[in-house]
Amino acid sequence: MNHTEADYINAGVRYERASTSEAAQAAAYHLRAMLSSEKPADQTYALQLIEQGRKEARI
């Protein structure tokens, strides 16, 4: 993977905690850029890490 697990989890937290629509769009753009740099096999795991971060942000 090109990015660490912590990078994906933290990016998910930033997306979930975005306070404005512009911040959410910027976070989503960053997530898409991170995912597009990964191999297809790693993208599934990266998505799981992003969802983990989003879940942790909701707690």
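These values consider heavy atoms only, across backbone and side chains, with no hydrogens, waters or symmetry-generated copies. Small disclaimer: the values here were computed from a predicted structure and weren't measured.
For R32, there are no side-chain hydrogen bond (donor to acceptor under 3.5 Å, both in side chains) partners, not counting sequence neighbours. Residues passing the side chain to side chain contact (heavy atoms under 4.5 Å, CB included) test with S36, sequence neighbours excluded: none. Every side chain to side chain contact (heavy atoms under 4.5 Å, CB included) that T4 has, sequence neighbours left out, goes to A6, D7. Every residue two or more places apart in sequence or in another chain was checked for a side chain to side chain contact (heavy atoms under 4.5 Å, CB included) with A26, and none qualifies. For H3, the side-chain hydrogen bond (donor to acceptor under 3.5 Å, both in side chains) partners two or more places apart in sequence, or in a different chain, are S37. With sequence neighbours left out, the side-chain hydrogen bond (donor to acceptor under 3.5 Å, both in side chains) criterion links Q52 to E56.
Legend: salt bridge (charged side-chain N to carboxylate O under 4.0 Å, His left out) pairs involving residues 35-53, not counting sequence neighbours, sorted by first then second residue: E51-R54. Among residue pairs with one or both ends in residues 17-30, none qualify as salt bridge (charged side-chain N to carboxylate O under 4.0 Å, His left out); sequence neighbours excluded.
Across every non-hydrogen atom of A23 and S19, the tightest pair is CB-N, 4.4 Å.
One finds the CD atom of Q48 at 12.0 Å from the NZ atom of K55 (value rounded to the nearest 0.5 Å).
Side-chain contacts under 4.5 Å among hydrophobic residues (ILVMFWY), followed directly or transitively, place Y45 together with M1, Y8, I9, Y15, L31, M34, L35, L47, L49, I50.
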